[in-house]
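Scroll down for the structure; my scribbles are underneath it.
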Amino acid sequence: MSRPVRLLSVGALTLDTILRLDTLPMHQGKFIASDAAQMASGMATSAACAAQRLGAEVSLWASAGDDAVADQLIAGIEAEGVDCGFVRRVNGARSALAAILVDAHGERIIVPFYDPKAQADPEKLPADLSGFDAVLVDVRWPGAAALALTAARAMGRPAILDADTAPLEVLEQLLPLATHIVASEPAARIVCGQALDPETACADLASRTDAFVAVTGGAQGSWWYDHSAGGVRHVAAPRIKAVDTLAAGDVFHGAFAVGLAEAMPPEQALRFASAAAALKCQRFGGRLGAPDRAETLAMMAAHWPADLEA
């Protein structure tokens with residue numbers, strides 16, 4: 001495209017405190033971290049920052065309190081170049097917080113707090129969405145997600161749902177509204193059955209909707225349903241040594257949204273997302289490890305050279 005694509009990201013905005021340990025605690029006590037980071041994050045926010053680094057122009061629609069934490073969050077995201085003009089400030093509410101422990105293998109424990117007052121449903125969209133090439137939502141602010149998905153779909157834009165762990169009723173509310181669903185393995189199992197493997201869950205989920213469906217499985221890659229072939233296809237993830245998997249899924253979704261907005265074929269968009277997520281996993285610090293476009297294209301060239309020749 002002659003101009004950068006415009007993306008709206010809708011959902012979580014949190015202040016993350018990330019502490020690195022050799023192993024995750026198995027009992028109560030005090031544990032000394034070997035590294036630490038603190039930043040504005042959250043699913044939609046991390047995806048927005050990743051998409052911005054990949055060359056999109058991104059706006060964030062999120063909800064925060066009227067506290068000093070919100071001032072810090074907005075300043076941090078604006079420093080990444082993301083437009084925060086749509087971020088809602090709720091009087092008397094507290095902004096979201098998350099404490100995160102990451103071990104030497106990149107695995108983590110996440111404990112978030114969301115003030116229900118800040119997460120109350122919005123009455124309307126923050127603006128006309130016709131200027132955006134794609135809309136990406138997470139499951140943390142369902143009322144806003146529903147409005148944004150509905151509007152994007154009505155305008156013929158990609159309406160992308162980052163379907164992650166959430167109550168079944170939230171997933172069932174949002175799934176029918178999306179044109180593109182990229183579900184984590186745990187979310188797919190909440191909807192389709194706990195015993196299902198990702199490939200079977202992908203087929204099951206695709207049978208319930210006319211949307212594009214993919215299920216992500218971390219280092220195992222992603223599975224997507226090819227309606228033209230009538231079956232599930234697999235995209236292998238680049239093999240890397242993970243340092244920190246925190247925000248890898250958010251980076252994946254942000255990159256996938258950029259790919260769709262740029263009219264990449266779905267499988268190429270999934271590879272673009274897989275490359276970006278793999279690069280992020282090699283760096284400590286959650287979303288701060290999101291790669292730029294040149295790095296991501298280089299990773300794609302190394303693993304799927306035909307994509308760059310197309």
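FYI, the numbering just counts along the sequence from 1. What's counted below: heavy atoms across the whole structure, side chains too, no hydrogens, waters or symmetry copies. These figures come from a predicted structure and were not determined experimentally.
Residues that satisfy the ring-ring contact (aromatic ring centres under 6.0 Å, His included) test with Y225, not counting sequence neighbours, are H227. Under the side chain to side chain donor-acceptor pair (under 3.5 Å) criterion, Q38 pairs with T17, sequence neighbours left out. Applying the side chain to side chain donor-acceptor pair (under 3.5 Å) rule to D67 yields the partners S95; only residues at least two apart in sequence or on another chain are considered. Remark: R6 pairs with no residue by the salt bridge (charged side-chain N to carboxylate O under 4.0 Å, His left out) rule, at least two apart or across chains. For R189, the salt bridge (charged side-chain N to carboxylate O under 4.0 Å, His left out) criterion is met by E185, not counting sequence neighbours. Shown here are the side-chain contact (heavy atoms from CB on, under 4.5 Å) partners of D197, two or more places apart in sequence or in another chain: E199, T200. Annotation: ring-ring contact (aromatic ring centres under 6.0 Å, His included) contacts of F31 (sequence neighbours excluded): H27.
In terms of heavy atoms, A120 sits closest to R88 at O-NH2, 2.8 Å. Shown here for L260 and A269, the closest heavy-atom pair between the two residues is N-CB, 4.3 Å. Here the closest heavy-atom approach between residue A290 and residue K280 is recorded as N-CG, 4.0 Å. Across G221 and H234, no two heavy atoms sit closer than the pair CA-NE2, 4.1 Å. The heavy-atom pair separating R89 from G65 by the smallest distance is NE-O, 2.7 Å. Between I77 and C84 the shortest heavy-atom distance is CG2-SG, 3.6 Å.
Once rounded to the nearest 0.5 Å, the distance linking OG of S9 with CG of L136 reads 4.5 Å. Note that CH2 of W141 is 12.5 Å distant from OH of Y114, once rounded to the nearest 0.5 Å. We find the CG-SG distance between D250 and C49 to be 10.0 Å, quoted to the nearest 0.5 Å. Residue I240 holds its CD1 atom at 5.0 Å from SG of C281, rounded to the nearest 0.5 Å. The OG1 atom of T296 sits 4.5 Å away from the CG atom of L54 when rounded to the nearest 0.5 Å. Note that the OG1 atom of T45 and the CG atom of L15 stand 11.0 Å from one another [nearest 0.5 Å].
Formation of a donor-acceptor pair under 3.5 Å by the T245 side chain with backbone atoms of G106 is found in this model. The backbone N or O of L24 lies less than 3.5 Å from no partner atom in the side chain of D103, so there is not a single donor-acceptor pair. A distance-only check finds no donor-acceptor pair linking the side chain of D22 to the backbone of A104 [under 3.5 Å]. Under a 3.5 Å cut-off, the side chain of D138 and the backbone N or O of A12 do form a donor-acceptor pair. Although no hydrogens or angles enter the test, the distance criterion places a donor-acceptor pair under 3.5 Å between the side chain of S34 and the main chain of R20.
The salt bridge (charged side-chain N to carboxylate O under 4.0 Å, His left out) contacts involving residues 282-306 comprise E80-R287, E262-R293, R283-E295, where partners must be two or more places apart or lie in separate chains. Listed by first then second residue, pairs satisfying salt bridge (charged side-chain N to carboxylate O under 4.0 Å, His left out) with a partner in residues 109-132 number zero, not counting sequence neighbours. Under the salt bridge (charged side-chain N to carboxylate O under 4.0 Å, His left out) criterion, the residue pairs touching residues 203-213 are R153-D210, D204-R208, with sequence neighbours excluded.
Side-chain contact between F272 and L297: present, with at least one pair of heavy atoms (C-beta onward) separated by less than 4.5 Å. Residues P112 and T14 fail the side-chain proximity criterion, which asks for heavy atoms closer than 4.5 Å. Q52 places none of its side-chain heavy atoms less than 4.5 Å from the side chain of L60. Under the 4.5 Å side-chain criterion, counting only non-hydrogen atoms from C-beta, I18 is not in contact with R108. Taking 4.5 Å as the limit, every side-chain heavy atom of V87 sits out of range of all side-chain heavy atoms of L73. V215 places none of its side-chain heavy atoms less than 4.5 Å from the side chain of V232. You'll find the side chain of E267 stays beyond 4.5 Å of the side chain of W304, heavy atoms only. Contact annotation: the side chain of Q220 never approaches that of P198 to less than 4.5 Å [non-hydrogen atoms, C-beta and beyond].
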**OP:** For the pair W61 and L147, evaluate side chain to side chain contact (heavy atoms under 4.5 Å, CB included) and give the outcome as yes or no after the intermediate values.
**Re:** CA-CA 11 Å; W61 185 27; L147 287 174; 4.3 Å; yes

**OP:** Quick one: do Q268 and M300 satisfy side chain to side chain contact (heavy atoms under 4.5 Å, CB included)? Show the steps, please.
**Re:** CA-CA 9 Å; Q268 185 179 1; M300 288 184 73; 4.2 Å; yes

Original post:
After noting the C-alpha distance and the side-chain angles of L270 and F252, does the key distance pass the side chain to side chain contact (heavy atoms under 4.5 Å, CB included) rule?
Top reply: CA-CA 8 Å; L270 287 171; F252 186 103; 3.8 Å; yes

Can I get a per-line list of side-chain donor-acceptor pairs under 3.5 Å for residues 154-183, giving both atom names and the distance, sequence neighbours left out?
from, atom 1, to, atom 2, distance (Å)
R157, NE, F132, O, 2.8
R157, NH1, M155, O, 3.0
R157, NH2, S130, O, 2.6
D162, OD1, H253, NE2, 3.1
D164, OD1, S184, OG, 2.9
T179, OG1, A159, N, 2.8
T179, OG1, A159, O, 3.3

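The side-chain contact (heavy atoms from CB on, under 4.5 Å) with I110 is formed by just one residue from the set L101, D16, L246, V102; it is L246.
Hydrophobic cluster membership is shared by F284 and M39, with clusters built from Ile, Leu, Val, Met, Phe, Trp and Tyr side chains linked at under 4.5 angstrom. In terms of hydrophobic clustering, with Ile, Leu, Val, Met, Phe, Trp and Tyr side chains grouped at heavy-atom distances under 4.5 Å, L149 and V213 are assigned to a common cluster. Side-chain heavy atoms closer than 4.5 Å link hydrophobic residues (I, L, V, M, F, W, Y) into clusters, and following such links, even through other members, never connects V235 to L205. Hydrophobic clustering (ILVMFWY, side-chain heavy atoms < 4.5 Å, transitive): M299 and V258 are in distinct clusters. With hydrophobic clusters built from ILVMFWY side chains whose heavy atoms lie under 4.5 angstrom apart, M264 shares a cluster with V58.
Listed by chain and number, the hydrophobic cluster partners of M26 come to none, as no ILVMFWY side chain reaches under 4.5 Å of it.
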